[in-house]
Amino acid sequence: MSADDIKITNDEIVQMARLALAGRQQDVQAFLRRLARRHRVELPGLAAQLTQLLQEAPTRQSPLRREASAPVPVDLESRLQLLRVEERPTLDVEPIWDTSVKRALHQILSERQRDEALLKQGLVPTRSIIFTGLPGVGKTLAARWIARELNCPLLTLDLSAVMSSFLGRTGTNVRHVLDYAKSVHGVLLLDELDSIAKRRDDNTDVGELKRLVTVLLQEIDDWPATGLLLAATNHPDLLDPAVWRRFEMRIEFPMPSEPAVRQAIETFMGPSKASGAWRDVLAVTLRGLSFSDIEREVMLARRAAVTRDIPIEDALGEMVQSRIEPMPRRERGQIAMWLTEAGVSQRQVNELTGVSRDTIRKKTKPGGVDNQEE
Ligand SMILES: Nc1ncnc2c1ncn2[C@@H]1O[C@H](COP(=O)(O)OP(=O)(O)OP(=O)(O)O)[C@@H](O)[C@H]1O
Ligand SMILES: [Mg+2]
């Protein structure tokens, strides 16, 4: 027996056997690459042999060869690219995560950072995750954030676009994309996953859709741990339960909490000079909106202040008024009360909400009636 035979540990053999027997070819390749690296110094002969094998063996499936050369898949008829590829995603704003979302996202990262420790226990990092939540709460943003934190490429397949543009060729196209994505060690986001389910309503392509769902089920199960498969939907109820169940982790993105609304206002107001009282006014009037709606409202006001050369407070005031005006009287009364509680003067509350100062006084008086006439 040579020294080489002795120094490969039993653990390593068992780990590799486990991956190989599970048919996880790409994970085996990643493992072998790591093995070659780890034993580079004390077993140079073995390391060289493994590297050679990795370079020769690659067939169509090989990440080594395809990563370097494969072009991004296109629809064969229209030649349109099916996938948006970002080598190193960046973010315009730092996301605000709810505590439970934050915990889950950090768990994903730490599993990736400690994948060797997991492997030693016969475990692999979470490979497939589905994000749910209403529009504009950060699902797509979370995929970008994860790719940035992992410092790897983000591939986005927008299923709503693919489903609507390529009709009968969807199945083939999605298969191409999945094959390609598996060969790139990165994050694949299947965005707007419910688009598949929505199409089920029209009967034109039932067979094609069934095939597509079958392909997806298979792929979710077999996704290599070298990559990460994410999906996002704001209609989890529309998804085939079989698809839904396949994902190893589910993260529900809630609407912003009150502190999150405040934090979002801080983020989106940027260097704007509006006083703290204005931030309170905004926190009250933008309550209940998604992050992207808060962003839109604040940005509109900031742009208006610049283009019309008016103080930011005036632009914010107009925005607040236009949001409050169409509300039913009861809601306006409620907002007037919140604003007063937030320390806004009665005169200003009256200007913003149209609720009379008299009513405001009565409402805020201890024991005041909630639904006074204005
Ligand atoms: N948690 C968040 N923190 C900070 N900004 C956010 C957050 N969520 C959303 N935004 C802002 O809203 C924009 C849109 O968010 P995103 O695309 O992630 O929404 P989504 O949940 O994917 O919505 P949809 O279901 O409509 O696709 C982001 O680019 C960002 O500017
Ligand atoms: Mg989205």
Side-chain angles (χ1 to χ4, degrees), residues 82-86 88-109 128-150 154-165 174 177 181 187-199 228-239 243-244 247 249-272 279 282-283 286-303 319 323:
L82 295 167
L83 203 57
R84 195 168 68 240
V85 179
E86 293 167 273
R88 291 286 174 263
T90 54
L91 303 181
D92 294 334
V93 291
E94 272 316 302
I96 300 154
W97 301 131
D98 165 84
T99 321
S100 63
V101 170
K102 190 173 185 170
R103 194 179 310 126
L105 293 178
H106 282 280
Q107 157 98 21
I108 298 166
L109 298 187
S128 58
I129 302 153
I130 186 160
F131 297 157
T132 60
L134 292 169
V137 290
K139 302 182 296 296
T140 305
L141 188 65
R144 304 178 61 83
W145 183 87
I146 290 178
R148 186 194 66 179
E149 295 296 305
L150 293 175
L154 174 66
L155 316 179
T156 306
L157 174 65
D158 181 348
L159 280 157
S160 65
V162 173
M163 296 302 290
S164 56
S165 348
V174 168
V177 166
V187 176
L188 171 66
L189 170 64
L190 303 177
D191 214 355
E192 318 272 343
L193 188 64
D194 47 274
S195 318
I196 296 176
K198 281 199 199 119
R199 272 290 304 290
L228 180 58
L229 177 66
L230 303 178
T233 173
N234 41 40
H235 288 292
D237 45 311
L238 291 181
L239 285 182
V243 173
W244 168 247
F247 288 92
M249 193 194 276
R250 299 167 201 167
I251 305 182
E252 165 75 23
F253 288 66
M255 286 290 274
S257 63
E258 250 181 84
V261 170
R262 283 185 176 273
Q263 219 179 324
I265 291 166
E266 283 309 313
T267 305
F268 300 131
M269 286 289 274
S272 154
R279 288 161 204 248
L282 293 181
L286 301 179
R287 197 181 276 183
L289 297 190
S290 68
F291 288 107
S292 66
D293 285 343
I294 296 174
E295 179 178 25
R296 195 193 53 231
E297 295 287 346
V298 171
M299 290 305 179
L300 271 173
R302 285 182 60 194
R303 281 196 291 269
M319 180 264 275
R323 283 197 54 78

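What you are looking at is a predicted structure, and each value in this text was computed from that prediction instead of being measured. Residues: numbered from 1 along the sequence shown. The basis for the numbers below is simple: all heavy atoms, side chains too, and nothing from hydrogens, waters or symmetry mates. Whatever order the structure lists ligands and atoms in, that order sets their numbers, starting from 1.
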In terms of side-chain geometry, is the basic nitrogen of R148 or E94 positioned less than 4.0 Å from the acidic oxygen of its partner?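 So R148 pairs with E94 through a salt bridge.
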Within a strict 4.5 Å, meaning less than it, do heavy atoms of the [X] and [Y] side chains meet?
X: E86; Y: R84; answer: yes
X: K102; Y: D98; answer: no
X: M255; Y: L134; answer: yes
X: L190; Y: V177; answer: no
X: R262; Y: L282; answer: no
X: I130; Y: T233; answer: yes
X: I294; Y: V261; answer: yes
X: I251; Y: T132; answer: no

Does ligand 1 come near enough to [X] that some N or O of the ligand is less than 3.5 Å from an N or O of the residue?
X: N234; answer: yes
X: G136; answer: yes
X: L141; answer: yes
X: G138; answer: yes
X: W97; answer: no
X: V93; answer: no
X: D191; answer: no
X: I96; answer: yes

Specify the protein heavy atom at minimum distance from atom 22 (O) of ligand 1: its residue, its atom name, and the distance to 0.1 Å.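 In this structure, atom 22 (O) of ligand 1 has T140 OG1, 2.8 Å as its nearest protein heavy atom.
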How far is atom 10 (N) of ligand 1 from the closest protein heavy atom, and which atom is that?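 For atom 10 (N) of ligand 1, the nearest protein heavy atom comes out as F291 CB, 3.5 Å.
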Does a side chain donor of either T156 or D191 reach within less than 3.5 Å of an acceptor in the other side chain?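 No - no donor-acceptor pair under 3.5 Å links their side chains.
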Go through ligand 1 atom by atom and flag the ones less than 4.0 Å from a non-hydrogen atom of [X].
X: P95; value: 3 (N), 4 (C)
X: E295; value: 11 (C), 12 (O), 13 (C), 30 (C), 31 (O)
X: S292; value: 12 (O), 13 (C), 14 (C)
X: K139; value: 18 (O), 20 (P), 21 (O), 22 (O), 23 (O), 24 (P), 25 (O)
X: F268; value: 5 (N)

Are [X] and ligand 1 in contact, using a heavy-atom cut-off of under 4.0 Å?
X: F131; answer: no
X: W145; answer: no
X: E192; answer: yes

Between the Mg ion (ligand 2) and T140, is there an N, O or S atom separated by less than 2.8 Å?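 Here the distance criterion (N, O or S atom, under 2.8 Å) is met by T140, so yes.
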What's the shortest heavy-atom distance between A147 and P89, and which atoms?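 Distance-wise, the nearest heavy atoms are CB-CG, 3.6 Å.
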Please find out if less than 6.0 Å separates the ring center of W244 from that of H235.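 No, ring centres 6.0 Å or more apart.
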